[in-house]
4 protein chains.
Amino acid sequence: MRKNRPKYKQIIEAAVETIADNGYHASQVSKIAKKAGVADGTIYLYFKNKEDILVSVFEEKMGQFIEQIASSINEKQNADEKLRTLIEMHFLQLANDHHLAIVTQLELRQSNTALRMKINEVLKPYLVVIDDIIKEGTEEKIFRDDLNIPLVRQMIFGTLDEIVTNWVMKEQRYDLVKQTSDVHTLIINGLSVKEVVKED
Amino acid sequence: MRKNRPKYKQIIEAAVETIADNGYHASQVSKIAKKAGVADGTIYLYFKNKEDILVSVFEEKMGQFIEQIASSINEKQNADEKLRTLIEMHFLQLANDHHLAIVTQLELRQSNTALRMKINEVLKPYLVVIDDIIKEGTEEKIFRDDLNIPLVRQMIFGTLDEIVTNWVMKEQRYDLVKQTSDVHTLIINGLSVKEVVKED
Amino acid sequence: MRKNRPKYKQIIEAAVETIADNGYHASQVSKIAKKAGVADGTIYLYFKNKEDILVSVFEEKMGQFIEQIASSINEKQNADEKLRTLIEMHFLQLANDHHLAIVTQLELRQSNTALRMKINEVLKPYLVVIDDIIKEGTEEKIFRDDLNIPLVRQMIFGTLDEIVTNWVMKEQRYDLVKQTSDVHTLIINGLSVKEVVKED
Amino acid sequence: MRKNRPKYKQIIEAAVETIADNGYHASQVSKIAKKAGVADGTIYLYFKNKEDILVSVFEEKMGQFIEQIASSINEKQNADEKLRTLIEMHFLQLANDHHLAIVTQLELRQSNTALRMKINEVLKPYLVVIDDIIKEGTEEKIFRDDLNIPLVRQMIFGTLDEIVTNWVMKEQRYDLVKQTSDVHTLIINGLSVKEVVKED
DNA sequence: TATGAATGAGTATTCATTCAT
DNA sequence: CATGAATGAATACTCATTCAT
């Protein structure tokens, strides 16, 4: 298993740093190799090509990201709490790893369409997690039973993603995690004036 | 005024088509020139450089896009109707111009950070439109008065953007405009079970 | 005769100025046209092509340059005086026209070999003037009778040219004309210790 | 040390040949690479850019040129002999390497001002050699003691340079080295009739 | 004569990938 | 496994010249 070989992780970490520091288009394979402390050719013993490095970066980092969220959610009792946790963990993890935030929100989006399709594949488990929360909320009668699940998922993901991207572009000058409650309320209750589902 | 000369628009249209057909990175200046029916050098009588073509594409197209939305909204009486109109027009315009949808949702995002910053500038008036609706809704007591406006704006834009991007990536196989009501309801009422603000 | 049309001289002067200010390679036809106050296309009513402008610049300027020298020499009585006058006038004219000095010593030399051949043609009358002085000096028994005339001419021209080029490259920070006597003595007497032909 | 790697010299030689055969402006990097038998990209492992190739050509070739002259001079006993040797070696080396003669006398002069400044730097040691001969001649009382050294140096260099350039432009149809004696006499004794310092 | 918009040929340089050692 | 020298495809932009008005 290539992933267990020591240099595999070295290269992945070097790629994240290189991209965060230099930007996507200035992250040549030779730069990544140098930062990883290996020869250029060595990269190709672990990765098929440059795109494979980038997809692997996303897989590794997003795998952890999603797992972390999924496991945090498991401890929660209902969909409402789970949604709040998802939001919080989403923000928390990116707030705690600025390199990762820059790479996922800004730099990797400059990749070509083919790579972006692969990245979407990696994201699928996360979308499933979101879908499951929606379904659970409906079953628990906390959420409406006429929800268009893909649409709701897109709203949730789109909202979180846009918020994080804005935060990164504003050079992370404010506290992202503090937004959790507001975002949660918005998603649960929308904009309208009404009796609000009690929170926390 | 360069924008009034006939070849200016010709080149802009050629750029949109070329990018939609070939993708951002395969859209060489010579390809755009050929599709526009002008010589390569002619491009540079109208645009400073390649980046200027792309920014101008965005300016022209998004300018119309935003104006169209803004004028449609003007005819509406309240924030709720305005929001629904904004959603509908956002979807409608991209649904009616597949090339533009591909270019704005997928291809132009592959541009480097500098170009993306310029693109963000172009989007600002749209964000102001959204902000105004939020403020108006609050004044009309239709929306809550404790809304975090930037956050709400990010939710709305992020939601619409993600929905359109998904639709483009699914190769536009379903009716985007039909989603308007569901999206509107989601944004107004959120996920929760409660008395819903009446929608007609 | 094209040379009598008013814009001809306008363009020639504009070319000299443009080249002196911007350097040979940055002197586009459009820049020259602008400085001359005519349209780009107008240039081609007076000159066959860009090379023709440059050759004409040289012809015009060197024509005057050589004529001036030739007429000054005519007033002198012997080859020694004529040589001194040639040196002095060569230096004087370039010292009095910095633009011309830069153009002839530095910029026009960057032209391709073909153009340089044509420039050499323009210089021929000057070389004849030098040859005549040498012959006269020999006839007057002031100069040796075993002189290899082409070689002597190359020595004289090469010496003057190198001295002026050095002066231009040193940004004309010293008095070129003051060198006349030293140069004259060097050419007449060489380096050796001996009875010197009496000067002035 | 890049200069010791075999391909360095290979590329330098290819550059000289390419420039001599095609002229300065028609000497594309790809042409040089082809003649050197390496890939275009390989050039850039040894040279920073095209200008660096050209400066290096001059450095390498002129380095040898000057060294050869300097070492030949060392064996000579007095300034007069040294000057004659300098002239002879100057002519001899260019006569023996027609490619080099074309490149240094005609082609490399077409370079822009920046490159020409660098080329002048390379020539400085040669000018020092000339200066030293002049000083030595003065000390030996062979040359006058009132010589303006920079001026004399410019005369000597300008003379040799002009003579070689003429010879190259006349397509090297006569024996350059045979001119040595005449040139030497001219420089030592000038044009005037007088008792000549005995030569040979 | 005069204009100036349009033309289109031409080229240095980068960098992902390979492969001999 | 590891190296790193070598490869070579790919592309934006300039500017001398033309020609319809």
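Just so it is clear: chains get the letters A, B, ... in the order the sequence lines come, proteins before strands, and each one is counted from 1.
For the pair C/Lys48 NZ and F/dA16 P, the interatomic distance rounds to 16 Å; values are reported in whole Å. Between B/Phe47 atom CZ and F/dC13 atom P the separation is 13 Å, expressed in whole Å. Atom OH in B/Tyr44 sits about 16 Å away from atom P in E/dA9, given to the nearest Å. Going from atom CD1 of B/Ile43 over to atom C1' of E/dA6 covers 12 Å, rounded to whole Å. Put simply, NZ on C/Lys50 is 8 Å from C1' on F/dA16, counting in whole angstrom units. With rounding to whole Å, C/Leu45 atom CG is found 11 Å from F/dT18 atom C1'. Rounded to whole angstrom, the span from the OH atom of B/Tyr46 across to the P atom of F/dA12 amounts to 20 Å. The CG atom of C/Asn22 sits 15 Å away from the C1' atom of F/dC15 (whole-angstrom rounding).
Closest-nucleotide positions on DNA chain F for D/Val38 and B/Gln28 were compared, and the one nearer the 5' end corresponds to D/Val38. Taking for each of A/Asn49 and C/Gly41 the nucleotide of DNA chain E with the nearest heavy atom, the 5'-most of the two is the partner of C/Gly41. Between D/Asp40 and C/His25, the one whose closest nucleotide on DNA chain F sits nearer the 5' end is D/Asp40. Toward the 5' end of DNA chain E, the nearer of the two residues A/Ser30 and B/Thr42, judged by each one's closest nucleotide, is B/Thr42.
Using a 4.0 Å heavy-atom distance criterion, B/Val29 is classed as a sugar-phosphate-only contact.
The side chain of B/Lys7 places no N or O atom within less than 4.0 Å of a non-bridging phosphate oxygen (OP1 or OP2) of E/dA5. Dashed line: the shortest gap from a side-chain N or O of A/Lys34 to OP1 or OP2 of F/dG4 is not under 4.0 Å.
The shortest side-chain heavy-atom distance between A/Asn120 and B/Met169 falls under the 4.5 Å cut-off. Side-chain contact between C/Phe58 and C/Leu115: absent, with no pair of heavy atoms (C-beta onward) separated by less than 4.5 Å.
Using Watson-Crick or G-U wobble geometry with both donor-acceptor distances under 3.5 Å, E/dT21 finds its partner in F/dA2.
Side chain of B/Gln10 to backbone of B/Ala36: a donor-acceptor contact under 3.5 angstrom is found.
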Steps toward salt bridge (Lys or Arg N to Asp or Glu O under 4.0 Å) verdict (D/Lys31, D/Asp21): CA-CA 11 Å; D/Lys31 230 178 231 168; D/Asp21 290 351; over 6 Å; no

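Atom NZ of A/Lys118 has 12 or fewer neighbouring heavy atoms from other residues, nucleotides or ligands inside a 6.0 Å radius.
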